[in-house]
Amino acid sequence: MSVSVDTGPRLGPRPGPVPWVAMYHSVGDCSDDPYRITVTPERLDEQLGRLRRRGLKGVSVGELLAARARGEGRALVGLTFDDGYADFVDHALPVLRRHDCGATLFVLPGRLGGDNAWDPLGPRKPLLTADGIRHAAAAGVEIGSHGLTHVDLTKADDELLHAETAESRAVLSELIGAPVEGFCYPYGTVDRRAADAVRAAGYTYACAIDPGPLTGLHALPRVHVGQNDTAVRLYLKHRLHRLRRRPVAGLR
């Protein structure tokens, strides 16, 4: 399950359509939101409701990939929440339960109980504590790593790169008492070196935004979903995602 660059025709079965993985962040008050990372609980409820009415179901990325490996899961949508904001437990989790949806929550074990200090603009948003992360895991949410402290891995030296990938996985696995299979690249930025480090750290998959020439389970593309994404916008984003992104190597 390595990351590979598309260099020409391959032998073997052709990969299936690129999976639809939605990228959320904070769920709460979006009145002061310069980075457009917040959706209200009401908007999330509306978006998930429309998915369900279309015969689709939101699940964790791990569940989505497992289904695709079996040649199934075309009606599944991966739901991801980046950064591990504290409002996930209070606002996102009840909406997910209401619609019988799963999700993957990417957290920062080096910033437990801290805030989004990497964002120079906008309000400070509290992050989940260790207990909050364990609460989400106990509720059936897949917990993945977003690195230790939210740094751009493409600019990290070797020591920092190892800490943000391998060490974050070890710390988080101990925290939740279970293996951590998923990683999410901070800022969505990824290159070959970062992807190789994530794979070497033992992650089964990793999510980016637009991975460029990289393809494979350690460079999964995602679709940003925000407060302004109504039913029409979501439909168009889904269609464009399928048209613009290449099939993912290793998936049927």
Side-chain angles (χ1 to χ4, degrees), residues 3 21-27 33-39 60-62 78-88 92 103-128 132-133 136 141-173 175-176 180-214 216-226:
V3 174
V21 181
M23 177 181 66
Y24 289 93
H25 289 80
S26 174
V27 181
D33 189 32
Y35 296 103
R36 299 182 180 180
I37 61 168
T38 308
V39 298
S60 69
V61 179
L79 299 179
T80 63
F81 293 80
D82 290 9
D83 302 334
Y85 292 104
D87 57 31
F88 178 86
T104 299
L105 177 64
F106 292 113
V107 301
L108 298 156
R111 292 186 182 271
L112 299 176
D115 61 31
N116 56 329
W118 59 88
D119 285 335
L121 303 175
R124 296 276 68 86
K125 287 178 171 284
L127 304 177
L128 287 166
I133 292 171
V141 175
E142 180 187 28
I143 305 298
S145 174
H146 202 26
L148 270 179
T149 59
H150 203 286
V151 301
D152 184 344
L153 298 189
T154 66
K155 300 177 181 178
D157 61 26
D158 289 347
E159 182 178 357
L160 182 58
L161 183 60
H162 181 268
E164 293 288 331
T165 55
E167 290 183 23
S168 71
R169 184 171 189 253
V171 170
L172 197 52
S173 295
L175 190 155
I176 64 174
V180 173
E181 303 296 342
F183 187 87
C184 174
Y185 299 100
Y187 306 104
T189 55
V190 57
D191 58 13
R192 165 76 68 177
R193 177 169 163 269
D196 285 347
V198 168
R199 186 178 67 253
Y203 295 96
T204 302
Y205 71 85
C207 291
I209 299 176
D210 179 1
L214 297 177
L217 294 178
H218 292 89
L220 294 171
R222 291 184 296 168
V223 179
H224 168 74
V225 180

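Keep in mind that this is a model prediction, so the values were computed, not measured. All values below come from the heavy atoms of this structure, side chains included, with hydrogens, waters and symmetry mates left out.
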Side chain to side chain contact (heavy atoms under 4.5 Å, CB included) evaluation trace for D82 with I37: CA-CA 9 Å; D82 290 9; I37 61 168; over 6 Å; no
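- Side-chain atoms of Y35 come within 3.5 Å of backbone atoms of L121 as a donor-acceptor pair (strictly under, hydrogens ignored).
- Between the N116 side chain and the W118 main chain, no donor and acceptor come within less than 3.5 Å of each other.
- Of the possible polar contacts, none joining the E181 side chain to the G144 backbone as a donor-acceptor pair under 3.5 Å is found.
- The closest side-chain heavy-atom distance from S145 to Y203 is below 4.5 Å.
- Within the model, atoms SG of C207 and NE2 of H218 stand 10.5 Å from one another, a figure rounded to the nearest 0.5 Å.
- With sequence neighbours excluded, the residues forming a side-chain contact (heavy atoms from CB on, under 4.5 Å) with A103 are L79, F81, L96, listed by chain and number.
- In this structure, the side chains of T104 and Y205 come closer than 4.5 Å at one or more pairs of heavy atoms.
- Nearest approach of G182 to F106, heavy atoms of both residues: C-CE2, 3.9 Å.
- Of all heavy-atom pairs between A194 and L153, the closest is CB-CB, 3.9 Å.
- By the side chain to side chain donor-acceptor pair (under 3.5 Å) test, R193 is found to be paired with D158, residues two or more places apart in sequence or in another chain being considered.
- Applying the side chain to side chain donor-acceptor pair (under 3.5 Å) rule to D152 yields the partners T154, T189; only residues at least two apart in sequence or on another chain are considered.
- Listed by chain and number, the residues in a side chain to side chain donor-acceptor pair (under 3.5 Å) with T38 are D33, K125 (sequence neighbours excluded).
- For the atom pair I176 CD1 and I133 CD1, the distance stands at 8.5 Å (nearest 0.5 Å).
- Considering every non-hydrogen atom in both A197 and T165, the closest pair reads O-OG1, 4.0 Å.
- With hydrogens and angles disregarded, no donor-acceptor distance shorter than 3.5 Å links the side chain of E142 to the backbone of S60.
- Geometric assessment of R169 against the ring of F183 yields a negative cation-pi assignment under the 6.0 Å and 45° thresholds.
- Residues that satisfy the side chain to side chain donor-acceptor pair (under 3.5 Å) test with T80, not counting sequence neighbours, are R222.
- Residues G147 and S168 share a closest heavy-atom pair of C-CB, 3.8 Å.
- Between V198 and V190, every side-chain heavy-atom pair lies at or beyond the 4.5 Å cut-off.
- Contact record, V39 with G226: CG1-C, 3.4 Å, taken as the closest heavy-atom pair.
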Verdict with reasoning, L175 to V107, per side chain to side chain contact (heavy atoms under 4.5 Å, CB included): CA-CA 11 Å; L175 190 155; V107 301; over 6 Å; no
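- Put simply, the side chain of H146 gets close to the backbone of C184: a donor and an acceptor are under 3.5 Å apart.
- By the 4.5 Å heavy-atom criterion applied to side chains, R124 and D119 are counted as neighbours.
- In this structure, H25 NE2 and H224 NE2 are separated by 7.5 Å, a value rounded to the nearest 0.5 Å.
- At a cut-off of 3.5 Å, with distance as the only test, a side-chain donor of D83 or Y85 sits close to an acceptor on the other residue.
- Taking each heavy atom of P34 and P123 in turn, the nearest pair found is CD-CD, 4.4 Å.
- Remark: F88 CZ to L128 CG distance equals 8.0 Å, nearest 0.5 Å.
- Residues K155 and V151 fail the side-chain proximity criterion, which asks for heavy atoms closer than 4.5 Å.
- When the side-chain contact (heavy atoms from CB on, under 4.5 Å) test is applied to A117, the partners found at least two apart in sequence or on another chain are R111, D115.
- Taken to the nearest 0.5 Å, the CG atom of L148 stands 10.5 Å off from the NE2 atom of H162.
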